[in-house]
Amino acid sequence: MEQGQEDARFIEEKWQRKWKDAKIFEAEPKQGMKKYFLNFPYPYMNGYMHLGHAYTLLRVDVYARYKRMKGYNVLFPFAFHCTGSPIVSAADRIKEKDPKQLKIMEDMGIPDDMIPKFADPVYWTQYFPDEYIKDVDRFGGSIDWRRSFITTSLNPLYNKFIEWQFRKLKSKEYVVLGEHPVVWCTKCNSPVGDHARIKGEGETPTEMTLLKFKFNDAYIIAATLRPETVYGQTNMWVDVDLRYVKVKVGDEIWIVSKECADKLMEQREGLEIVGEIWGGQMIGKTCIAPGINREILILPSEFCDPNKGTGLVTSVPSDAPDDWMGLYDLRDEGMCSRFGLDCEKIRKIEPIPIIETPGWGNLPAVKICEDMKIESQNDREKLEEAKKIIYKSGFYTGVMNENCGEYAGMKVEEAKDLVKEKLIEGSEADLMYELSGDVVCRCLTPSIVKVVSNQWFIAYGNREWKDGAHRALDRLKLYPEAVRKQFSYVIDWLNDWACTREFGLGTGLPWDENWVIESLSDSTIYMAYYTISKYLEHEKIVPADKIDDAFFDYVFLEEGEIRTISENTGVPESILKEMRNEFKYWYPFDLRVSGKDLVQNHLSFCLFNHVAIFPEEYWPLGFGLNGWILVSGAKMSKSAGNFYPLRDILDRFGTDGTRLTLTYSGEGIDDPNFNMDFAKGAYARLEAWRDFAINYYDKGRKEEIGIDTWFESILNRTISETDAAMEEMNFRTALKIGYFDLQRHLRWYQRRCLGDLNKDLINDLIAAQTKILAPVAPHICEEIWEKLGFDGFISLAEYPKADSEKINHTIELSEEFLIDTMSDINEILKVTGISPNKIVLYTPSSWKYEMHQIAIDMSIAKELNINNLMKSAMTRESIKKNSKEASAYAKKLAENLTNRGQDELLQLSKTMDERSYLIEAADFLKHEFKCDIEIYTSDDDSRYDPKDKARFAVPRRPAIFVE
């Protein structure tokens with residue numbers, strides 16, 4: 001460890017110890033003080049905290065620290081999720097001495113002699129929470145640890161809370177017994193929730209329509225997501241090398257891939273494989289297409305996948321790029337002869353227009369293949385992209401045409417279900433479920449869709465419940481607001497959710513101990529438990545066996561007789577009232593921050609369950625979403641060798657350096673990028689600020705000069721804009737404005753003052769800059785605060801306040817004008833190579849200012865053109881005297897100012913005395929360019945102007961002569 005990092009570690013430990021000793025993050029209700037309760041999804045205890053967790057945690061912590069400085073009483077608790085099968089599965093693999101799992105533990109940094117202990121699932125739930133606490137503390141987390149807990153039956157107190165929740169849901173018929181398709185692991189013999197997957201989080205069972213094509217005494221089965229396209233079928237695709245099976249389904253024989261047959265057997269009973277047939281045996285023969293009752297050819301294809309759908313594909317070349325390229329390839333004589341096909345017959349197969357899609361016409365697949373220059377069915381990458389574009393545009397904007405019979409003129413998205421229902425009613429189609437994407441269970445087994453009966457589900461498909469969830473969404477503050485549409489879609493899309501498993505850690509279903517509640521179902525309202533967990537987990541006021549539903553009914557809902565509850569639990573009435581009041585003080589929570597992937601499950605479930613359990617006044621107030629961490633532009637993954645536990649990153653870059661880098665890595669739902677090169681110099685930047693603050697505080701001149709007004713304005717505007725960005729959780733923007741831009745302005749101020757800074761102003765800057773940095777880099781900022789002699793913790797100091805009366809837009813505009821003028825001078829010196837003896841600046845004639853303002857006013861009113869400008873300008877005597885020049889100038893103004901934004905025009909409309917500002921800055925310019933400086937107005941007949949440069953001067957851009 002380098003010297004700077006050793007110093008950083010000393011400072012980190014010092015202030016973490018001071019915070020802990022002073023208990024500044026232990027939050028208690030304070031009547032009359034506004035509260036702010038924020039949290040994030042408790043992490044799963046199957047490994048150390050990694051950089052992805054740290055990014056989300058940091059966003060919560062930065063906001064918590066900011067809110068404290070804004071005068072809020074802030075509660076930020078933290079807990080540990082142990083529910084589900086992943087821990088049990090990993091423990092079993094260690095018990096079995098599975099080399100892959102042992103290597104995972106080794107790579108994690110678990111010592112060899114400790115690994116056998118992890119064969120016990122309980123050990124995971126003891127070891128990793130302790131390690132998380134170490135990492136979060138070292139990371140500077142401002143956590144109230146008295147409220148922490150672990151989930152599952154290993155914690156009887158939390159167990160009671162979840163049992164209460166589920167009995168409430170069941171009493172309202174939100175937990176039901178039923179038959180539904182679920183994502184299923186054949187090895188674990190259990191549903192696979194999102195948290196139990198190593199691949200495929202968010203993937204769900206998707207309904208496929210099985211089209212039935214009469215073929216001799218059987219049916220060829222093709223699966224589709226787009227049953228409305230049956231009117232465009234031209235042929236059937238098969239894989240010539242694939243051995244298909246014949247499956248007896250009721251009284252029918254279906255021809256499908258063996259993989260499809262296996263899936264069907266998990267979705268319906270009584271199926272039997274009765275034979276098989278090679279794909280090559282069907283080539284060149286015909287089958288009868290459903291929906292159109294037309295004979296179509298069976299043709300060979302290279303894109304039939306036995307693992308997708310049925311392994312056979314019906315061809316709709318008008319709207320499916322794959323199908324069009326398959327036909328295109330088969331028009332080749334060599335291809336046809338290879339399969340014994342009549343090439344002329346193939347060439348006569350033409351796409352049948354069925355859907356009119358805006359921008360793509362009635363043969364969109366043909367058009368996009370031409371546009372994208374797709375050459376064959378093997379151009380998979382381009383075809384996948386083309387398919388996504390055409391399917392999306394066709395489904396959402398397409399209209400069925402005259403070839404679609406009774407559905408002609410109907411929108412595609414309306415026709416889809418109607419066509420499907422008609423096909424099923426006519427026994428021309430059936431249904432199956434397929435995964436929307438690949439899913440792999442944490443036991444490493446690929447998952448399938450299984451239709452299960454006698455399974456407990458949470459009824460998220462309940463229409464009235466959905467209406468309540470929408471109302472909850474309407475009152476939510478979202479960071480960023482752009483995710484609202486996705487939440488609304490998920491609420492509508494969510495259906496019944498399998499909420500139990502047959503094994504794994506967790507809370508047993510209260511009325512059926514054969515089932516364990518799964519991990520996305522026991523983590524929806526535990527934020528309420530945080531409000532009272534210190535009493536149960538820390539102070540241990542009541543044993544778990546004394547707690548019943550009446551206890552939670554009173555604390556959370558104020559239902560029941562308090563005297564009876566006190567007698568049954570042994571908890572004094574005063575403590576029960578205190579717990580009730582604590583819940584009422586903190587709830588509802590103000591903000592929950594999470595990765596964007598949890599919109600589709602956890603966060604939406606949170607809304608539903610709050611609606612089910614609590615009165616509306618206790619529904620959530622805010623959600624914050626963020627992207628997934630990248631490391632130097634690449635997705636973090638173990639296989640790529642760039643997976644980083646937080647502790648490793650802290651060892652390399654220190655806490656405040658890591659926090660600065662993470663905070664600056666991104667905002668909103670875009671994926672943040674942890675830049676290693678930036679991280680290497682991050683702490684040095686902070687040390688540089690510390691050194692400046694300590695060396696410059698309370699030093700400098702007392703008298704004021706002109707440039708002080710500019711810097712005072714900049715400082716106050718910076719505080720205002722930074723505060724606004726922080727409030728919206730735009731932390732990268734806040735750092736850019738409040739740190740990087742402010743440091744750039746400081747360097748310019750030092751340059752303009754020739755190093756002689758104003759004492760009061762620089763003191764204000766140092767205090768403000770250190771406070772702005774404090775939520776991001778709290779340790780070094782506490783150190784600066786102490787060194788400067790301030791009392792208390794900067795973590796509890798008031799956030800900087802902007803004085804709007806000191807924000808002077810004119811002076812800021814004037815300084816920008818000076819900077820731009822210097823830039824023009826430097827460009828001239830660079831191009832000419834002149835070492836100047838004298839630089840002469842000419843501000844424009846007064847008539848040009850008049851004409852410039854007329855043009856701006858016209859542009860703001862959307863009336864600017866040369867004729868209007870000249871007509872108005874010629875009413876001014878001063879402009880009329882210069883009519884020849886004015887005409888040329890009018891043309892330039894019309895070109896430059898037309899189509900400018902309103903804000904930019906308003907900035908340009910602000911007046912300033914260019915000549916006076918340049919004269920005031922003349923000594924500075926003389927120092928910068930090391931030559932004489934002369935300044936004239938172009939109206940000055942006695943000006944020094946040997947090259948007649950003054951005529952080129954225009955507002956905001958003086959003419960320049962270098963001698």
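Just so you know, these numbers come straight off a predicted model, no measurement behind them.
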Report yes if the side chains of [X] and [Y] come closer than 4.5 Å at any heavy-atom pair, otherwise no.
X	Y	answer
E582	K534	yes
V599	L625	yes
N514	E502	no
Y587	F37	yes
Y529	E537	yes
W124	Q126	no
W628	D597	yes
V175	F166	yes

(Q) Given the ring of F139, does R659 sit roughly above its face, with NZ or CZ under 6.0 Å from the centre of the six-membered ring and within 45° of the axis? (A) yes

Q: Please confirm whether R68 makes a cation-pi placement over Y66, using NZ or CZ under 6.0 Å from the six-membered ring centre and within 45° of the ring normal.
A: no

**Q.** Polar side chain donor-acceptor pair, E667 to T733, under 3.5 angstrom
**A.** yes

Parallel, tilted or perpendicular, as decided by the 30° and 60° cut-offs, for the rings of [Y] and [X]:
X	Y	value
F149	Y530	tilted
Y618	F614	perpendicular
F78	Y132	tilted

Donor-acceptor pair, [X] side chain versus [Y] backbone, under 3.5 Å?
X	Y	answer
R501	P191	yes
S436	T204	yes
R197	E203	yes
S488	K485	no
Y55	G666	yes
K596	I669	yes
W456	V176	no
S604	Q600	no
K34	Y72	no
S521	I517	no

Q. Quick one: ring pair (Phe, Tyr, Trp, His ring centres under 6.0 Å) partners of F25, sequence neighbours excluded?
A. W19

Q: Can you run down the side chain to side chain donor-acceptor pair (under 3.5 Å) pairs that involve residues 554-566, sequence neighbours left out, and say none if there aren't any?
A: E558-R580

Salt bridge check: are [X] and [Y] linked by an N-O gap of less than 4.0 Å?
X	Y	value
K35	D590	yes
D549	K160	no
R463	D492	yes
D467	R471	no
R147	D144	yes

**Q.** Heavy atoms from other residues, nucleotides or ligands near CD of E173 exceed 12 (cutoff 6.0 Å)
**A.** no

Q: Count the heavy atoms belonging to other residues, nucleotides or ligands that lie under 6.0 Å from CZ of F503, then report whether that count exceeds 12.
A: yes

State which residues pass side-chain hydrogen bond (donor to acceptor under 3.5 Å, both in side chains) with [X]; sequence neighbours excluded, sorted by chain then number.
X	value
Q31	none
N730	none
E573	none
K801	E798

Is the centre of the [X] ring less than 6.0 Å from the centre of the [Y] ring?
X	Y	result
F80	Y44	no
W164	F551	no
F556	F583	yes
H81	Y526	no

Q | V451 vs E179, side chain to side chain contact (heavy atoms under 4.5 Å, CB included): CA-CA, chis, key distance, verdict | A | CA-CA 7 Å; V451 175; E179 180 177 283; 3.5 Å; yes

Q: Check each of N626, L57, D61 against V593 using the side chain to side chain contact (heavy atoms under 4.5 Å, CB included) test, and report the only one that passes.
A: N626

Q) At their closest point, which heavy atom of P800 faces which heavy atom of I772, and how far apart are they? A) CG-CG1, 4.1 Å

